[in-house]
Student: 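Have a look at this one.
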Amino acid sequence: MTARPPVPPFTRETAIEKVRQAEDGWNTRDAEKVALAYTADSRWRNRAEFVTGRDEIVEFLRRKWARELDYRLIKELWAFDGNRIAVRFAYESHDDSGNWFRSYGNENWEFDENGLMAVRHACINDLQIKETDRKYHWPLGRRPDDHPGLSDLGF
């Protein structure tokens, strides 16, 4: 199995690095690539959906990004200890009718010794917004380093 540094136990700096790697991965919207950051038998709870293993992760992400168009995500470290990291996040996307949403949430992550995520629990709330209220305007892909984070945006 390939290691995905940084690996636990996490320091503040390595936890922040892991969070940014996750954000960058999800902002690619490449389900197969993103799934490689998880163990082969990773277990998720995402809202009320339960997902197990990379194949189900890929299918879940494909469905997600097929309906959450122009998806852009920001994650921020909340807490860490040993092999666990807690994050908060917000993402913006729109549906196929042009309705924009900002989705806020929290995730709890647990990693194996190789730095692969074995467990992910996500709680998410959606807020419909006007297109003029959007805050994430970078080109699709990685958030630029100089773009404000969640705390800077007041989220």
Student: State the CZ-CD1 distance between Phe111 and Ile85, to the nearest 0.5 angstrom.
Tutor: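 It is 4.5 Å, given to the nearest 0.5 Å.
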
Student: Quick one: ring-ring contact (aromatic ring centres under 6.0 Å, His included) partners of Trp65, sequence neighbours excluded?
Tutor: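 Expected list: Trp26, Tyr71.
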
Student: Does Asn114 form a side-chain contact (heavy atoms from CB on, under 4.5 Å) with Thr2? I'd like the steps, not just the answer.
Tutor: CA-CA 7 Å; Asn114 295 305; Thr2 304; over 6 Å; no

Student: Is any NZ, NE, NH1 or NH2 atom of the basic residue among Arg20 and Glu17 found under 4.0 Å from an Asp or Glu carboxylate oxygen of the other?
Tutor: no

Student: Just jot down the side-chain hydrogen bond (donor to acceptor under 3.5 Å, both in side chains) partners of Glu23, sequence neighbours excluded, or say none.
Tutor: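 Counting only residues at least two positions away or on another chain, Glu23 forms a side-chain hydrogen bond (donor to acceptor under 3.5 Å, both in side chains) with Arg143.
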
Student: Does any non-hydrogen side-chain atom of Leu36 lie less than 4.5 Å from one of Arg4?
Tutor: yes

Student: Let's go through Glu76 and Val87 carefully: what are the C-alpha distance in whole Å and the side-chain angles of both, what is the deciding distance for side-chain contact (heavy atoms from CB on, under 4.5 Å) to 0.1 Å, and is it a yes or a no?
Tutor: CA-CA 6 Å; Glu76 184 175 280; Val87 300; over 6 Å; no

Student: Linking I/L/V/M/F/W/Y whenever their side-chain heavy atoms sit closer than 4.5 Å, directly or via other members, would Phe60 and Trp109 fall into one cluster?
Tutor: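 Per the 4.5 Å side-chain linkage, Phe60 and Trp109 are co-clustered.
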
Student: Determine the sole option in Lys18, Lys75, Arg45 for which the salt bridge (Lys or Arg N to Asp or Glu O under 4.0 Å) test with Glu107 is passed.
Tutor: Lys75

Student: Decide, yes or no, whether a salt bridge links Asp126 with Arg47 under the criterion of side-chain N to carboxylate O below 4.0 Å.
Tutor: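 Salt bridge present between Asp126 and Arg47.
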
Student: Report yes if some heavy atom in the side chain of Val119 is under 4.5 Å from a heavy atom in the side chain of Met117; otherwise report no.
Tutor: no

Student: Please lay out, stage by stage, how Trp44 and Tyr38 fare under the test side-chain contact (heavy atoms from CB on, under 4.5 Å).
Tutor: CA-CA 10 Å; Trp44 288 18; Tyr38 301 89; 3.5 Å; yes

Student: Would the Tyr104 and Phe155 ring centres measure less than 6.0 Å apart?
Tutor: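 Distance test on ring centres: under 6.0 Å, yes.
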
Student: My understanding is that only one of Lys130, Arg102, Lys135 makes a salt bridge (Lys or Arg N to Asp or Glu O under 4.0 Å) with Glu92; could you say which?
Tutor: Arg102

Student: Is any side-chain heavy atom of Ser93 closer than 4.5 Å to a side-chain heavy atom of Arg72?
Tutor: no

Student: Hey, are the side chains of Phe89 and Val19 touching, using non-hydrogen atoms and a 4.5 Å cut-off?
Tutor: no

Student: Do Glu32 and Arg54 have side chains that approach each other closer than 4.5 Å (heavy atoms only, starting at C-beta)?
Tutor: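 No, every pair of side-chain atoms sits at 4.5 Å or beyond.
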
Student: Under 4.5 Å between any side-chain heavy atoms of Val34 and Thr28, yes or no?
Tutor: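 Yes, side chains in contact.
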
Student: Run Ile129 and Arg134 through side-chain contact (heavy atoms from CB on, under 4.5 Å) and show every step you take.
Tutor: CA-CA 7 Å; Ile129 61 173; Arg134 292 179 51 223; 4.1 Å; yes

